[in-house]
Amino acid sequence: MASLSTYGEPSRLDDAVYSRIVAEMEDGIVAIDADGTILYCNHAVESLFQQTSASLVGQPLDALLPPRFRQIHRHHLAGFMEGQVDAKYMGSRRSFIIGYRADGTEIHLGATILRTGGIDGPVFIAVLRDLTERHGYQHELERLANTDPLSGINNRRAFTNLAVKELSRCRQAQEPVSIILFDLDGFKAVNDGYGHDVGDTVICEFTQILKSVAHSGDLLARWGGEEFVLMMPDTSVERCAAIADMVRRNVEILEFGTASGVSLRLTVSAGVSTAGAADESLDDLIRRADHALYGAKNGGRNRVVIEPAASPLAA
């Protein structure tokens with residue numbers, strides 16, 4: 001039977017065991033002094049940064065950081081050295097450290113920063129884990145969640161999240177902001193008569209027309225089915241309507257579906273609205289654009305209708 005002391009107190013590990021654990025672990029270990037000079041690196045650091053430990057020891061920690069981040073990192077490190085917390089972790093979805101490799105490439109790192117005492121003063125230890133693959137995977141998941149898989153532009157969810165912020169920004173800056181809702185006329189007949197493959201081709205071709213008129217800072221999205229939405233910050237309703245009509249005229253003269261072996265003539269209707277009352281929400285703005293689009297459809301299609309703002313944009 002094992003003695004009580006076997007379970008009551010853990011056995012002590014000698015320094016050789018600790019040294020081997022640190023040296024052989026897959027996470028990178030970097031120790032620095034209070035001046036930010038590297039005192040020690042394990043083998044994992046060599047792999048992470050593509051440099052030997054011998055070349056790094058004695059160098060400032062800045063050698064492992066991109067030049068653009070070095071000054072702000074010194075500030076953060078100084079704050080940690082003087083603070084009351086002895087451990088800090090960085091490695092969430094949006095909080096990480098950028099590492100700088102010998103070849104100039106960058107890696108995303110999770111880092112646990114520890115403060116301890118050494119013979120010659122405080123020692124700071126960073127335990128580093130490569131998050132580059134995980135971060136890239138998360139970024140791709142976010143991109144897929146926010147992108148319409150057919151057209152490759154924003155989906156409704158992504159547009160809504162971005163447009164709410166942009167509407168608020170335009171109000172604060174007292175800039176106009178307008179929205180266009182487009183709807184391809186008779187699109188159901190394309191799917192019914194030629195099949196969904198041709199319909200998909202038409203959607204992609206129309207997307208390219210919209211992308212050609214969208215400027216940097218505009219928000220373009222597939223609203224659903226054959227409907228698309230374009231938000232144009234710092235754009236008057238007159239200018240927005242002129243762009244919508246340019247799209248309408250381009251659609252009217254182009255042939256669609258040629259990549260699928262057909263030649264289709266289509267038209268598009270559009271409804272335009274501009275931000276009015278200060279308390280008007282994005283839903284209200286889109287609802288008015290939708291009302292204008294309904295007017296365009298009900299008025300014979302292949303036209304642009306403007307829904308005037310109820311009141312001027314408030315300061």
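Just the heavy atoms: all of them, side chains too, but no hydrogens, waters or symmetry mates, feed the values below. All values reported here derive from a predicted model rather than from experimental measurement. Nothing fancy with the numbering, it's 1 onward along the sequence.
- Of the charged side-chain nitrogens involved, none lies within less than 4.0 Å of a carboxylate oxygen, so that Asp290 and Arg287 do not count as a salt-bridged pair.
- One hydrophobic cluster, built from ILVMFWY side chains closer than 4.5 Å, cannot hold both Val272 and Met231; they sit in different ones.
- Of the possible polar contacts, none joining the Thr160 side chain to the Ala158 backbone as a donor-acceptor pair under 3.5 Å is found.
- Looking at residues two or more places apart in sequence or on another chain, you find a salt bridge (Lys or Arg N to Asp or Glu O under 4.0 Å) between Arg248 and Asp245, Glu252.
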- request: Go through the steps to decide whether Ile209 and Leu254 satisfy the test side-chain contact (heavy atoms from CB on, under 4.5 Å), and finish with yes or no.
  value: CA-CA 10 Å; Ile209 295 175; Leu254 292 176; 3.6 Å; yes
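- The backbone N or O of Val127 sits nowhere less than 3.5 Å from a side-chain atom of Asp27 that would complete a donor-acceptor pair.
- Nearest approach of Gln51 to Ala63, heavy atoms of both residues: NE2-O, 4.3 Å.
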- request: Evaluate the criterion side-chain contact (heavy atoms from CB on, under 4.5 Å) for residue pair Leu266 and Val268; output intermediate values, then yes/no.
  value: CA-CA 7 Å; Leu266 300 173; Val268 67; over 6 Å; no
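- We find the CD1-CG distance between Ile32 and Leu61 to be 5.0 Å, quoted to the nearest 0.5 Å.
- Checking side-chain atoms of Ser151 against main-chain N and O of Cys204 turns up no donor-acceptor pair under 3.5 Å.
- Salt bridge annotation for Arg101-Glu106: absent, with no cationic side-chain nitrogen under 4.0 angstrom from a carboxylate oxygen.
- Tested against Phe228, the residues Phe187, Trp223, Phe206 include a single ring-ring contact (aromatic ring centres under 6.0 Å, His included) partner, Phe206.
- For the atom pair Ile107 CD1 and Gln50 CD, the distance stands at 8.0 Å (nearest 0.5 Å).
- Under a hydrophobic-cluster definition in which Ile, Leu, Val, Met, Phe, Trp and Tyr are linked whenever side-chain heavy atoms come within less than 4.5 Å, directly or via other members, Ile306 and Val247 are assigned to the same cluster.
- Counting heavy atoms from C-beta on, the side chains of Leu64 and Leu56 come closer than 4.5 Å.
- Asp148 contributes no side-chain N or O that, together with a main-chain N or O of Ala221, makes up a donor-acceptor pair within less than 3.5 Å.
- For Ser269 against Asn302, the heavy-atom pair with the smallest separation is OG-N, 3.1 Å.
- Contact check on Lys297 versus Asp185 returns a salt bridge, with a Lys/Arg side-chain nitrogen under 4.0 Å from an Asp/Glu carboxylate oxygen.
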- request: Might you work through the side-chain contact (heavy atoms from CB on, under 4.5 Å) test for Ile125 and Tyr40, ending with a clear yes or no?
  value: CA-CA 9 Å; Ile125 298 173; Tyr40 171 80; over 6 Å; no
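- Connection of Val164 to Leu181 is established within a shared hydrophobic cluster, with ILVMFWY side chains joined at heavy-atom distances below 4.5 Å, either directly or through further cluster members.
- In this structure the side chain of Pro176 reaches within 4.5 angstrom of the side chain of Asp234, judged on heavy atoms.
- When all heavy atoms of Gly199 and Val190 are compared, the closest pair comes out as CA-CG1, 4.1 Å.
- Both Val262 and Ile203 are assigned to one and the same hydrophobic cluster, defined by single-linkage of ILVMFWY side chains at heavy-atom distances under 4.5 Å.
- Minimum heavy-atom separation, Val305 to Gly295: CG2-C, 4.1 Å.
- The ring-ring contact (aromatic ring centres under 6.0 Å, His included) test applied to Phe49 returns no partner, not counting sequence neighbours.
- The backbone N or O of Phe159 lies less than 3.5 Å from no partner atom in the side chain of Asn154, so there is not a single donor-acceptor pair.
- In this structure a side-chain-to-backbone donor-acceptor pair under 3.5 Å is missing from Thr235 to Ser178.
- For Asp35, there are no salt bridge (Lys or Arg N to Asp or Glu O under 4.0 Å) partners at least two apart in sequence or on another chain.
- Under the 4.5 Å side-chain criterion, counting only non-hydrogen atoms from C-beta, Ile180 is in contact with Cys240.
- Formation of a donor-acceptor pair under 3.5 Å by the Thr37 side chain with backbone atoms of Pro60 is not found in this model.
- By the 4.5 Å heavy-atom criterion applied to side chains, Leu162 and Asn146 are not counted as neighbours.
- In this structure, Ser47 contributes its side chain and His43 its backbone to no donor-acceptor pair below 3.5 Å.
- In this structure, the side chain of Arg171 does not engage the main chain of Gln174 through any donor-acceptor pair within 3.5 Å.
- The line from CG of Leu264 to CG of Leu184 is 11.0 Å long, rounded to the nearest 0.5 Å.
- Closest heavy-atom contact between Leu282 and Ala163: CD2-CB, 3.7 Å.
- Summarising the geometry, atom CZ belonging to Arg288 is positioned 9.0 Å from atom CD1 belonging to Ile179; distances are rounded to the nearest 0.5 Å.
- A distance-only check finds a donor-acceptor pair linking the side chain of Glu205 to the backbone of Gly257 [under 3.5 Å].
- Residues Val202 and Tyr194 fall within the same hydrophobic cluster, defined by Ile, Leu, Val, Met, Phe, Trp and Tyr side chains chained together at heavy-atom separations under 4.5 Å.
- With rounding to the nearest 0.5 Å, the separation of OG in Ser55 from CD in Glu46 is 7.5 Å.
- Within the 4.5 Å cutoff, the side chain of Leu210 has no heavy atoms near those of the Ile153 side chain.
- In the displayed structure, Arg265 atom CZ is contacted under 6.0 Å by more than 12 heavy atoms of other residues, nucleotides or ligands.
- Residues Lys211 and Leu220 meet the side-chain proximity criterion, which asks for heavy atoms closer than 4.5 Å.
- Note that CZ of Arg301 is 10.5 Å distant from CG of Leu293, once rounded to the nearest 0.5 Å.
- Remark: Arg169 engages Glu175 in a salt bridge, criterion side-chain N to carboxylate O under 4.0 Å.
- Nearest heavy-atom pair, Val45 versus Val30, reported as atom, atom and distance to 0.1 Å: CG2-CG2, 3.6 Å.
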